[in-house]
Number of protein chains: 2
Amino acid sequence: MPKEYENRGFLLKQRAFLKLYLLNNIPKQKGYGLKLLEELREDFKQYGYSPTHSELYKVLHELTREGIVRREKKLLGEPGVDFQEIIIYHLTDKGQQEKELYKKQMKAELDRCLGLLNKAVRDNYGPLLN
Amino acid sequence: MPKEYENRGFLLKQRAFLKLYLLNNIPKQKGYGLKLLEELREDFKQYGYSPTHSELYKVLHELTREGIVRREKKLLGEPGVDFQEIIIYHLTDKGQQEKELYKKQMKAELDRCLGLLNKAVRDNYGPLLN
DNA sequence: CAATGAACAAATTGTTCATTA
DNA sequence: TAATGAACAATTTGTTCATTG
């Protein structure tokens, strides 16, 4: 179960936000944890957002627990040369379906948050108001 | 000091969001705590956001501590009939200035968050992407 | 030392209880 | 009982420490 996204509250949680990105990024490249993190940090740099490795791993663990991704251990670099072990993530079949469902939920949630923030701009900076 | 808005992180905090609204709403109507809360709840109803009284009071206390608002005790309803005491908030002179500064900071912050969320929509639902 | 992971701590927010008139 | 306030609890996130190869 994808644990239906509930958060009826203020803005969406970082955890949910990262989950959305990971579900989309994992299938694309064969990135491992820190690699995915680097990419996201680069992506969000101009928005002043730099997620922590801790938070990213927590999402990956959660996705693993839920059976949405599968872990594959590999060696980074040349075998026999570099012994650094990394973990590559793949979407499971179940994950494929959950991903689509989750994306739909998150689209609604993103729209809700955009609405809320846009309203704040209108209410506090809008025309006709001091 | 308005405690320069710092939050270089993910999305803006609820506390900061409420502070912005209160700074704008307090001068308008002579609302007291729960009245202001009701109005905000009504405002945000369609966005599924319903702030708690606790959070609202915390913002009001903070604004008071910072000398941005002044408290005035009054009786609700007809004197001699209703003895319910309420607290009306007014912007102080200092508060007037701080308000403008804070609004500027928050505009930048709101824009940043809108940028982040819009990017998420583009990245995860945008054209040319599966 | 890069990568992963967990423990721990701080910050933020929500729920419940207390008081007062 | 409405309004205010504080205590307390839960949640969310960030910092630090540990392990492994």
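A note on names: the letters A, B, ... follow the listed sequences, proteins ahead of strands, and every chain is numbered from 1.
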Q | d(CZ, B/Arg41; P, D/dA3) in whole Å | A | 12 Å

Q. Between atom CG in B/Leu11 and atom P in C/dA11, what is the gap in whole Å?
A. 19 Å

Q. Out of C/dT4, D/dT12, D/dT4, which nucleotide sits closest to the side chain of A/Tyr32?
A. C/dT4

Q: In whole angstrom, give the distance that lies between atom CG of A/Leu34 and atom C1' of C/dC1.
A: 12 Å

**Q.** Counterpart residues, side chain to side chain contact (heavy atoms under 4.5 Å, CB included), relative to B/Leu34 (two or more places apart)
**A.** B/Tyr32, B/Leu37, B/His53, B/Tyr57

Q) In chain order, what residues pass the side chain to side chain contact (heavy atoms under 4.5 Å, CB included) check against A/Lys104, with sequence neighbours excluded? A) none

**Q.** Side-chain ion pair, B/Lys13 and B/Glu55, N-O less than 4.0 Å
**A.** no

Hey, what are the protein-to-nucleotides 18-21 of chain D N/O distances that come in under 3.5 Å?
| from | atom 1 | to | atom 2 | distance (Å) |
| --- | --- | --- | --- | --- |
| D/dG21 | O3' | A/Phe83 | O | 2.6 |

Q. For B/Tyr57 and D/dA2, what is the distance between atoms OH and C1' respectively, to the nearest whole Å?
A. 9 Å

Q. Can you list the residues that meet the side chain to side chain donor-acceptor pair (under 3.5 Å) rule with B/Gln97, with sequence neighbours excluded?
A. none

Q: Give a yes/no answer on whether the side chain of B/Arg71 brings an N or O atom under 4.0 Å of OP1 or OP2 in D/dG5.
A: yes

Write out a two-atom table: protein N or O, nucleotide N or O from nucleotides 14-17 of chain D, distance below 3.5 Å.
| from | atom 1 | to | atom 2 | distance (Å) |
| --- | --- | --- | --- | --- |
| D/dG14 | OP2 | A/Gln14 | OE1 | 3.4 |
| D/dG14 | OP2 | A/Gln14 | NE2 | 3.0 |
| D/dG14 | N7 | A/Lys58 | NZ | 3.4 |
| D/dG14 | O6 | A/Lys58 | NZ | 3.0 |
| D/dT15 | O4 | A/Ser54 | OG | 3.0 |

Q: Report the distance from atom CD1 of B/Ile87 to atom P of C/dT20, rounded to the nearest whole Å.
A: 14 Å

Q | ring-ring contact (aromatic ring centres under 6.0 Å, His included) involving B/Phe17 - partner list, sequence neighbours excluded | A | A/Phe10, B/Tyr21, B/Phe44

Q: For A/Glu39, enumerate each residue passing the side chain to side chain contact (heavy atoms under 4.5 Å, CB included) test, keeping only those at least two apart in sequence or located in another chain.
A: A/Gln29, A/Lys35, A/Leu36

Q. Taking all non-hydrogen atoms of both residues, which atom of B/Ser50 and which atom of B/Arg41 are closest, and how far apart?
A. OG-NE, 3.3 Å

Q) Does B/Asn118 have any side chain to side chain donor-acceptor pair (under 3.5 Å) partners at least two apart in sequence or in another chain, and if so, which? A) none

Q: Report which part of the nucleic acid B/Tyr89 touches: base, sugar-phosphate, or nothing (heavy-atom distance under 4.0 Å, all strands).
A: sugar-phosphate

**Q.** d(NE2, A/His61; P, C/dA7) in whole Å
**A.** 11 Å

Q.
So, using side chain to side chain contact (heavy atoms under 4.5 Å, CB included) as the criterion, who are the partners of B/Gln96 when residues are at least two apart?
A. B/Leu91

Q. Over how many whole Å does the gap from B/Glu38 atom CD to D/dT4 atom C1' extend?
A. 14 Å

Q: Starting from C1' on D/dG5, measure out to CG on B/Leu56 and report it in whole angstrom.
A: 12 Å

